[in-house]
Amino acid sequence: MALVGALRGSTSIAARLPLLSRHCVCLYHNKIPQAKPARESAFGHGNNTGGRFPSGPGTLDGAGGGSQPNTPSKAKLTEEINAYVHHHRQSSSFFQHKYEAVMALEEVAQRFRPQYSAFITGSSMNGVGTNSSDTDITLLNRKDRTPLSRPEAINFLEQLQQVYEESGGYTDIKLVAAKVPLLTITDEKRDVPFDISLDGTSAVRNTYMLQLYSACDYRIVPLIMVVKDWAKKQGIKSAHEGLLSSYGISLMVLNFLQVQQPWVAPVLHHTMKEELYLDVLEMQNKREHDLPATPTSSNTASLGELLCGFFHYYAAFQFDSYIIQVSEGRTVHGQDSINPSFSAGSLNKAYVKIEEPFSKNNVSHAILKRSQFMRLRTEFVVADDALFYDSNPSLATIGLELPKPA
């Protein structure tokens, strides 16, 4: 029962599209290894398991739970995850629509500021996009990366807004003069909505990091996609409502995969640190051509085993005490953190602490209400229980539906 530079180079758009599509659409490969037989223990057990599961050498000194027992087999769940992702992942044709629309937007932006170029950021570019993913764009000064002042940024976006309103072909045009000004529009011809921001160097860097992680192991993309859709279905993926952000969920999945024994996701800040701190234009060049080789895992746990382990781990996670650190591949007790962002001010009041790997700020700083925290914590516990008590768990167990046969 279901309880629960830019995108530009010396070559033409047509020449670059196959290269971009290969990295943005096909990071989750067509040829998925067959599900491994269920094993007695795929994960290290944590100490905070509520007495239901055997305790043992926890990977994080009791920060979270271990796995659920891996009997019965999670083969059905693994098969359904593969099918779900195959159906929902961003298609190369849809990415092409996005890319062409971005180039049209960039041409308009360069009428006012020729040194600015468009970068696609977020899910559409980092390997975990779906055909329903938002399309985030940042316009970046490719000359010296000097950001505009807030008044200059709003003026620039107002100029773009006026052109888009007068030119036709664009709908739902709205300027959001928030702390980070944003212009939202929809390319009517290609049916592609956009959120346009300015000087988002950090967004480009974060996107590249997630793109590298997506290329490390075939299981990373499916797990992030499924957990994001589950969170959205349960109503806890909404940063502006004081809940989890898409980026925060990705970091939670990565950190869980990092602490497995052996690891599923590496710690790229250790193994590829220089790559992560390249200039953003150099990152863009690599995104368009060939990503560098990434570390590979020897962990053989199936997708089904890992998904069950993820929910059990965070159902028992001590959010009030531990900080999730993808940059170090661990969690750290709040009292041991050397980051002042987590020891003073409003960030310390957040119920969930997920460290941003570059800025070291709290990605989940908006989770300030206990009622919101309990809401998301409850969903993790419910999903964990549902998977544990289902003798043959499937995606329906956590409220996700497989596409109906055509």
Side-chain angles (χ1 to χ4, degrees), residues 6-9 11-32 81-108 117-139 164 169-173 183-197 203-204 206-208 210-211 213-215 218 220-233 237 246-247 249-250 284 287-289 291 400-406:
L7 296 169
R8 304 184 70 85
T11 56
S12 66
I13 291 175
R16 293 198 302 273
L17 272 170
L19 293 167
L20 282 166
S21 298
R22 174 154 55 92
H23 293 309
C24 302
V25 181
C26 299
L27 285 170
Y28 173 71
H29 308 295
N30 288 322
K31 296 182 179 179
I32 301 298
I81 294 171
N82 285 330
Y84 186 90
V85 174
H86 180 78
H87 178 79
H88 289 285
R89 65 183 179 181
Q90 180 175 253
S91 67
S92 57
S93 60
F94 190 62
F95 180 78
Q96 178 174 342
H97 283 308
K98 289 184 177 182
Y99 186 77
E100 291 172 347
V102 169
M103 292 301 95
L105 294 174
E106 183 183 78
E107 289 177 6
V108 174
S117 294
F119 290 74
I120 299 178
T121 62
S123 297
S124 293
M125 193 72 186
N126 64 24
V128 297
T130 68
N131 284 336
S132 61
S133 294
D134 295 335
T135 307
D136 298 319
I137 299 173
T138 189
L139 295 171
Y164 296 140
Y170 296 99
T171 59
D172 305 321
I173 304 171
L183 181 64
T184 64
I185 67 171
T186 297
D187 184 315
E188 198 169 27
K189 175 184 176 182
R190 300 176 181 87
D191 192 26
V192 178
F194 291 99
D195 289 342
I196 305 172
S197 63
V204 177
N206 297 342
T207 299
Y208 186 61
L210 290 178
Q211 192 174 9
Y213 271 113
S214 296
Y218 78 94
I220 292 175
V221 169
L223 288 169
I224 291 177
M225 288 180 64
V226 167
V227 173
K228 279 186 178 182
D229 283 2
W230 165 82
K232 183 177 181 180
K233 177 91 172 183
K237 178 177 171 283
S246 177
Y247 185 40
I249 291 170
S250 296
Q284 183 61 35
R287 294 202 310 184
E288 291 190 24
H289 296 88
L291 292 175
L400 293 179
E401 297 180 0
L402 282 174
K404 295 180 181 179

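Any value given below was found using the heavy atoms of this structure, including those in side chains, with hydrogens, waters and symmetry copies removed. All residue numbers in this chain count up from 1 along the given sequence. All figures in this text were calculated on a predicted structure; none of them were measured in a lab.
Thr130 and Lys228 share no donor-acceptor pair across their side chains, judged by distance under 3.5 Å alone.
Rounded to the nearest 0.5 angstrom, Ile224 CD1 and Leu210 CG are separated by 6.5 Å. How far CD of Gln284 is from CD1 of Ile120: 8.5 Å, rounded to the nearest 0.5 Å. The CZ atom of Phe119 sits 11.0 Å away from atom OG1 of Thr207, with the distance rounded to the nearest 0.5 Å. Taken to the nearest 0.5 Å, the CZ atom of Phe194 stands 12.0 Å off from the OG1 atom of Thr184. Atom-to-atom distance recorded for His88:NE2 and Leu402:CG is 7.5 Å, nearest 0.5 angstrom. One distance of note links CD1 of Ile137 with CE of Met125; it measures 12.0 Å at 0.5 Å rounding.
A heavy-atom distance below 4.5 Å is found between the side chains of Val226 and Val85. In this structure the side chain of Leu139 reaches within 4.5 angstrom of the side chain of Ile196, judged on heavy atoms. Proximity of Leu291 to Tyr208: side-chain heavy atoms (C-beta onward) are separated by under 4.5 Å at one or more points.
The ring pair (Phe, Tyr, Trp, His ring centres under 6.0 Å) check on Tyr170 picks up Tyr164, with sequence neighbours excluded. Residues passing the ring pair (Phe, Tyr, Trp, His ring centres under 6.0 Å) test with His97: none are found, sequence neighbours excluded. Qualifying salt bridge (charged side-chain N to carboxylate O under 4.0 Å, His left out) partners for Asp187, counting only residues two or more places apart in sequence or in other chains: Arg190.
Between the side chain of Asn131 and the backbone N or O of Ser91 there is at least one donor-acceptor pair closer than 3.5 Å. Listed for the Ser214 side chain is a donor-acceptor partner under 3.5 Å among the backbone atoms of Asn126. Put simply, the side chain of Glu106 gets close to the backbone of Ala118: a donor and an acceptor are under 3.5 Å apart.
Residues Gly127 and Val221 come closest through the heavy atom pair O-CG1, 3.5 Å. Taking each heavy atom of Lys98 and Val192 in turn, the nearest pair found is CG-CG1, 3.9 Å.
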